[in-house]
Amino acid sequence: MTIDQQLELLTARHVDLFSGDELKKKLEIAAKEGRGLRIKYGADPSAPDIHLGHVVGLNKLREFQDAGHTVVFIIGDFTGMIGDPSGKSATRPALSKEQVLENAESYKKQVFKILDPEKTEVRFNSEWLGEMRFEDVIRLSAHVTVAQLLARDDFSKRYADNRPISLVEFLYPLVQAYDSVMVEADVELGGTDQLFNLLLGRELQKIYGQHPQVVMTLPLIEGLDGVQKMSKSLNNYVGVNEASKEMFGKLMSVSDELMWKYFLYILCRPPEEIDAMRARVSSGELHPRAVKDELGRCIVDRFVGEGEGAKAAEEFARVFAERKLPTDMTELALEGEIGLIDLVVKAGFAGSNGEARRLIQQGGVRLDDVQNKDIKAVIPPVDGMILRVGKRKFARLSLS
RNA sequence: GGUGGGGUACCGAAGCGGUCAAACGGGGCAGACUGUAACUCUGCUGGCUCAGCCUUCGAAGGUUCGAAUCCUUCCCCCACCA
């Protein structure tokens, strides 16, 4: 592959790039010296769930790896251990060393569904940050002014609105930038919200006498609600470790408009192909459901395993389109007569009796597909009876 | 150090002596509809032995027949001016 071809491939789908020329130069030098570039990517260890939002960046990293470059995957365990007060109400609990390591393991397992372990260097930033003395921290801080930090969009907005900005948050970009110095990153990748931090990495590298990293941002894709960016705290995400059934179902709930983005950024389908599909949908030749079905299948295949997508799709059609029972469901052993409320609670479908009562009164509870709205009902035990709550919760009753 | 503003249910936010288990919005759940776990519409959303009772409005005391609302002390948060 020529440098130009590589450049084109590697810069596909980006939002910001500083700069294409620099990247080209770096690629040329690396090629001449017969080595790969170091591509940095940072991850927060407090929430060890990789979701499709992360996949956008991970895909890009994989492309770099396939072109012969090395990914430096930084787990921000240091910040995890101090706890991050950025969310104003609930200060995140500081994680213990064991927790951090445990999370890191789970992280790796997920990340390597996408990345090539052979070409990934996993680093913990406590490795260098934990060593620093306060003096070192002050020296580091001396390189940056408050005005520079306030240039960051969300800082300046909050400052103008008299909303709090914690000093830790202020320091955070600096820490991240320092990571770039420590791993001697050639390129750093991140979501568009990371732009400021990534750019600061460049500044700091220059100060430390290194060549500034190339900065590339990728879009933050919207989550299941179609409006807010996919994130764990908003609970609008699809995790790469989820069960196929969940994964497929969640993807089917995505809006028709958003699915195109998923095709592009998660499955990396070429834009021409997507445009062609789009055209066929708007002409009525192709049903949007079929497209979304394909999206679900491919994503499940990729993250759960080849062939799992088709199974999940079948199961989904069975339960939601044909309204039939799922193939497997939890078993609930009963010993004798049981009140309907108790039954729903015992099955784990309601957190309290009150909630069970509500579900029953609202017609959300069915026994063998017959709605039962009687909160006082007592169910005689029937082996194999199916309890259904809402659209998605099923249990098979059995006698013991 | 000074001034001012706050701490209310999962989150945001009203309420400022009884009609408060606490408006409203978001989120969540259920129902109808649907290609869909989308959209929209409707309802529900502290607990219980549920037409009643119990525990909740930063914490502890107090005033009152009655307190999220008034008083005292304490704890915590934020902004601004120095």
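Not measured: the values here are computed from a predicted model. Naming: A, B, ... by sequence-line order, numbering from 1 per chain.
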Asker: Could you work out the separation of B:C74 and B:A79 based on their P atoms and round it to a whole Å?
Answerer: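 Approximately 23 Å lies between the P atom of B:C74 and that of B:A79.
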
Asker: Could you list the protein-to-nucleotides 54-56 of chain B atom pairs, N/O on both sides, closer than 3.5 Å?
Answerer:
none

Asker: Tell me the salt bridge (charged side-chain N to carboxylate O under 4.0 Å, His left out) pairs involving residues 331-344 of chain A, sequence neighbours left out?
Answerer: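 Found A:Glu331-A:Arg396.
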
Asker: Should B:G17 form a Watson-Crick or G-U wobble pair with both distances under 3.5 Å, which nucleotide is its partner?
Answerer: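 The answer is none; no pair meets the criterion.
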
Asker: Give me each pair satisfying ring pair (Phe, Tyr, Trp, His ring centres under 6.0 Å) with a member in residues 220-258 of chain A, each pair once, sequence neighbours excluded.
Answerer: A:His51-A:Tyr237, A:Phe248-A:Phe316

Asker: I'd like to check A:Asn125 versus A:Tyr178 (side-chain heavy atoms, cut-off strictly below 4.5 Å). Are they in contact?
Answerer: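 No, too far: nothing below the 4.5 Å cut-off.
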
Asker: Strictly by side-chain hydrogen bond (donor to acceptor under 3.5 Å, both in side chains), give each pair with a member in residues 258-269 of chain A just once, sequence neighbours left out.
Answerer: A:Glu222-A:Lys261, A:Arg269-A:Glu273, A:Arg269-A:Glu294

Asker: Whole angstrom is fine here: how far is it from CD in A:Gln228 over to P in B:C11?
Answerer: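 It works out to 17 Å between those atoms.
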
Asker: I'd like the C1' distance from B:C10 over to B:A21, given in whole Å.
Answerer: 16 Å

Asker: Does A:Arg152 come within less than 4.0 Å of A:Asp154, counting only side-chain N to carboxylate O?
Answerer: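 Salt bridge flag = yes for A:Asp154 with A:Arg152.
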
Asker: Taking atom P in both B:C54 and B:A22, what distance in whole Å separates the two?
Answerer: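 Each nucleotide's P atom is 15 Å from the other's.
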
Asker: Let me know the distance between CD of A:Gln361 and C1' of B:A51, rounded to the nearest Å.
Answerer: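 Atom-to-atom, A:Gln361 to B:A51, this comes out as 13 Å.
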
Asker: How would nucleotides 34-42 of chain B be written as a contact map, 5' to 3', with B for base contact, S for sugar-phosphate-only contact and - for no contact, using protein heavy atoms under 4.0 Å?
Answerer: BBBBS----

Asker: Taking the same atom, P, in B:C29 and in B:C80, what whole-Å distance lies between them?
Answerer: 39 Å

Asker: Separation of A:Asp161 atom CG from B:G5 atom C1', in whole Å?
Answerer: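 The distance from CG of A:Asp161 to C1' of B:G5 comes to 16 Å, rounded to the nearest Å.
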
Asker: Are A:Arg302 and A:Glu308 within salt-bridge range, i.e. N to O under 4.0 Å?
Answerer: no

Asker: Could you check how far CZ of A:Arg388 sits from P of B:A30, rounded to whole Å?
Answerer: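 Value for this atom pair: 10 Å.
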
Asker: Whole angstrom is fine here: how far is it from CG in A:Asn236 over to C1' in B:G26?
Answerer: 13 Å

Asker: Salt bridge between A:Arg323 and A:Asp369, side-chain N to carboxylate O under 4.0 Å?
Answerer: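 Salt bridge flag = no for A:Asp369 with A:Arg323.
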
Asker: Which residue is it: A:Lys245, A:Glu306, A:Met247? I am looking for the one with a side chain to side chain contact (heavy atoms under 4.5 Å, CB included) to A:Val300.
Answerer: A:Met247

Asker: Can you tell me, in whole Å, how much space there is between the C1' of B:A38 and that of B:C75?
Answerer: 47 Å

Asker: Looking at A:Asp293 and A:Arg297, is there a salt bridge between them, counting it only when a charged N and a carboxylate O are closer than 4.0 Å?
Answerer: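 Result for this pair is yes, salt bridge flagged.
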
Asker: Tell me which nucleotide, if any, is Watson-Crick or G-U wobble paired with B:A79 when both distances must be under 3.5 Å.
Answerer: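 WC or wobble partner is B:U3.
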
Asker: Should A:Arg139 and A:Glu135 count as an ion pair when the cut-off is N to O under 4.0 Å?
Answerer: yes

Asker: Could you work out, with ring-ring contact (aromatic ring centres under 6.0 Å, His included) as the rule, every residue matching A:Phe155, not counting sequence neighbours?
Answerer: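 Listed in chain order: A:Phe170.
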
Asker: Other hydrophobic cluster members with A:Leu234, side-chain heavy atoms of Ile/Leu/Val/Met/Phe/Trp/Tyr under 4.5 Å, chained?
Answerer: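 Hydrophobic cluster check, A:Leu234: no partners found.
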
Asker: Using atom C1' in both nucleotides, what's the gap between B:A68 and B:U19 to the nearest angstrom?
Answerer: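 My reading of the C1' atoms in B:A68 and B:U19 gives 16 Å.
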
Asker: Counting only pairs under 3.5 Å, give me each side-chain donor-acceptor contact of residues 201-213 of chain A, with atom names and distances, residues two or more places apart or in other chains.
Answerer:
| residue | atom | partner | partner atom | Å |
| --- | --- | --- | --- | --- |
| A:Arg202 | NH1 | A:Phe18 | O | 3.2 |
| A:Arg202 | NH1 | A:Glu22 | OE1 | 3.1 |
| A:Arg202 | NH1 | A:Gln213 | O | 2.9 |
| A:Arg202 | NH2 | A:Glu22 | OE2 | 3.1 |
| A:Gln205 | OE1 | A:Gln213 | N | 2.7 |
| A:Gln205 | NE2 | A:Ser180 | O | 3.4 |
| A:Gln205 | NE2 | A:Ala185 | O | 3.0 |
| A:Gln205 | NE2 | A:Gln210 | OE1 | 3.4 |
| A:Gln210 | NE2 | A:Val181 | O | 2.9 |
| A:Gln213 | OE1 | A:Ser180 | OG | 2.9 |
| A:Gln213 | NE2 | A:Ser180 | OG | 3.4 |
| A:Gln213 | NE2 | A:Glu188 | OE1 | 3.0 |
| A:Gln213 | NE2 | A:Leu198 | O | 3.0 |

Asker: With a 4.5 Å cut-off on side-chain heavy atoms, are A:Leu23 and A:Thr11 touching?
Answerer: yes

Asker: Which sits closer to the 5' end of RNA chain B, A:Asn235 or A:Gly363, going by the nucleotide each is nearest to?
Answerer: A:Asn235

Asker: Base contacts versus sugar-phosphate-only contacts with protein, heavy atoms under 4.0 Å: please encode nucleotides 44-50 of chain B as B, S and - from 5' to 3'.
Answerer: SS-SSSB

Asker: Is there a Watson-Crick or G-U wobble partner for B:C70 with both distances under 3.5 Å, and if so, which one is it?
Answerer: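 By the stated definition (distances under 3.5 Å), B:G62 pairs with B:C70.
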
Asker: B:G28 and B:G12: how far apart are their C1' atoms, nearest whole angstrom?
Answerer: 15 Å

Asker: Who clusters with A:Leu343? Use side-chain heavy atoms, under 4.5 angstrom, across I, L, V, M, F, W and Y, and order the result by chain and number.
Answerer: A:Leu332, A:Leu334, A:Ile338, A:Leu340, A:Ile341, A:Val344, A:Phe349, A:Leu359, A:Ile360, A:Val365, A:Leu367, A:Ile375, A:Ile379, A:Val382, A:Met385, A:Leu387, A:Val389, A:Leu397

Asker: I'd like to know if A:Asp374 pairs up with A:Lys376 as an ion pair, taking the criterion as any Lys NZ or Arg NE/NH1/NH2 lying under 4.0 Å from an Asp or Glu carboxylate oxygen.
Answerer: no

Asker: In the 5'-to-3' direction, what one-character label does each nucleotide of nucleotides 75-82 of chain B receive under the scheme B = base within less than 4.0 Å of a protein heavy atom, S = sugar-phosphate only, - = no such atom?
Answerer: ---SSS--

Asker: Where do A:Gln65 and A:Thr120 land on the side-chain hydrogen bond (donor to acceptor under 3.5 Å, both in side chains) test, with the steps shown first?
Answerer: CA-CA 8 Å; A:Gln65 290 183 323; A:Thr120 306; 2.7 Å; yes

Asker: If we take the P atom in both B:C53 and B:U8, what is their distance in whole Å?
Answerer: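 It comes out at 29 Å once rounded to the nearest Å.
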
Asker: Does any residue of residues 298-315 of chain A have a heavy atom under 4.0 Å from RNA chain B, and if so, which ones, in number order?
Answerer: none

Asker: Could you let me know what B:C29 is paired to, Watson-Crick or G-U wobble, both distances under 3.5 Å, or none if it's on its own?
Answerer: B:G43

